[in-house]
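Worksheet: the structure to be examined is printed underneath.
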Amino acid sequence: MYSILIDTADKLLAIGLSKDGKIVDSIVYEAWQRQSEFLISELDNLLKRNNISRDQISSVIASKGPGSYTGVRIALTVAKVMAFSLNIPLYLSSSLEILKDFSCPSICVVNARSKRCYVGVYDKDTVILEDTIMENKELLSYIEEHKDYKVCGDVSYLGLEGYKADVLESLNSLMIDRNRVEDVLASKPVYLKDNY
């Protein structure tokens, strides 16, 4: 049986197919603000080129945000429809957590625009700082105070170089009980800006 992996929360369109915990195929490219145009057709391409029928799909995992408003919504919507219509488990992970380095404390960052950023801090399976939104200056101070933490994500807009995780491998690793959704239809995206 196969699992579908989906992340469209930031600049990438990333979809993958895993079997027995290993990614067997993927489609990943930059599609900033155009993921909604390509996701369904690329998912169809991925399944067709691997001769996978829908009854061979046993689970789906997607990033739930924070990130691009449309990007977060499109991945979650497609994942929910698949899980509901195929009656398979749905797993959702923070789009920040999938950026972490699983081997060390990680400050995970996504540009939230307007001199702000989405930030989550993780150390292996421990959440050190819940996903939040910070001013860029506040984040730079936090990074300075935590020099032993690895900065992860595309932080070039801050003049920094960040660790680049394989988001599909991360999603695959995060298909764990704590990320399994009990009520598929009640699943909601995480935007954070609404609470800022």
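Only heavy atoms go into these numbers, but all of them, side chains included; no hydrogens, no water, no symmetry mates.
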Checklist entry - Distance-only, no hydrogens or angles: does the Ser106 side chain make a donor-acceptor pair with backbone N or O of Lys100 under 3.5 Å? => result no

Checklist entry - Considering residues, nucleotides and ligands other than Asn87, do more than 12 of their heavy atoms fall under 6.0 Å from its CG? => result no

Next on the checklist: Let's go through Leu160 and Ile143 carefully: what are the C-alpha distance in whole Å and the side-chain angles of both, what is the deciding distance for side chain to side chain contact (heavy atoms under 4.5 Å, CB included) to 0.1 Å, and is it a yes or a no?
Outcome noted: CA-CA 11 Å; Leu160 302 172; Ile143 291 170; 3.8 Å; yes

Checklist entry - Would Tyr122 and Asp131 count as a side-chain hydrogen bond (donor to acceptor under 3.5 Å, both in side chains) if you check the C-alpha gap in whole Å, the side-chain angles of each, and the deciding distance to 0.1 Å? => result CA-CA 10 Å; Tyr122 306 90; Asp131 293 358; 2.4 Å; yes

Next on the checklist: Assess the residue pair Arg113 and Asn111 against the criterion (side chain to side chain contact (heavy atoms under 4.5 Å, CB included)); give the C-alpha distance rounded to whole Å, side-chain angles, the decisive distance to 0.1 Å, and a yes or no.
Outcome noted: CA-CA 6 Å; Arg113 313 289 181 261; Asn111 189 350; 2.8 Å; yes

Checklist entry - Just by modelled atom types, is the Ser94 backbone N or O under 3.5 Å from a matching donor or acceptor in the Ser63 side chain? => result no

Distance-only check: which donor-acceptor pairs under 3.5 Å involve side-chain atoms of residues 17-25, not counting sequence neighbours?
unit_1	atom_1	unit_2	atom_2	d
Ser18	OG	Asn172	OD1	3.1
Asp25	OD1	Arg49	NH2	2.9
Asp25	OD2	Arg49	NE	2.7
Asp25	OD2	Arg49	NH2	3.3
Asp25	OD2	Asn50	ND2	2.8

Item to check | pair Val72-Val190: side-chain heavy atoms closer than 4.5 Å | outcome: no

Next on the checklist: For Ile4, run the side-chain contact (heavy atoms from CB on, under 4.5 Å) check against Ile61, Leu47, Leu86, Ile15 and tell me which one passes.
Outcome noted: Leu47

Checklist entry - Taking it one step at a time, do Met82 and Leu43 satisfy side chain to side chain contact (heavy atoms under 4.5 Å, CB included)? => result CA-CA 11 Å; Met82 288 182 71; Leu43 182 55; 3.8 Å; yes

Item to check | Passing option when Glu97 is tested against Lys64, Lys124, Arg178 for salt bridge (charged side-chain N to carboxylate O under 4.0 Å, His left out) | outcome: Arg178

Item to check | side chain to side chain contact (heavy atoms under 4.5 Å, CB included) evaluation trace for Leu174 with Tyr91 | outcome: CA-CA 8 Å; Leu174 290 167; Tyr91 297 84; over 6 Å; no

Next on the checklist: Checking the side chain of Lys80 only, and the main-chain atoms of Ser187 only, is there a donor and an acceptor separated by less than 3.5 Å?
Outcome noted: yes

Item to check | Heavy-atom check, side chain of Leu5 versus side chain of Met175, under 4.5 Å | outcome: yes

Item to check | Minimum-distance pair of heavy atoms, taken over all atoms of Pro189 and Tyr191 | outcome: CG-OH, 3.2 Å

Item to check | Identified side-chain hydrogen bond (donor to acceptor under 3.5 Å, both in side chains) partner of Glu37 from the options Gln33, Arg34, Gln35 | outcome: Arg34

Checklist entry - Is it true that the side chains of Ser53 and Gln56 contain a donor and an acceptor less than 3.5 Å apart? => result yes

Checklist entry - Quick one: does Val78's side chain get under 4.5 Å of Ile40's, heavy atoms only? => result yes

Item to check | Ring geometry between Tyr142 and His146 (parallel below 30°, tilted from 30 to 60°, perpendicular above 60°) | outcome: parallel

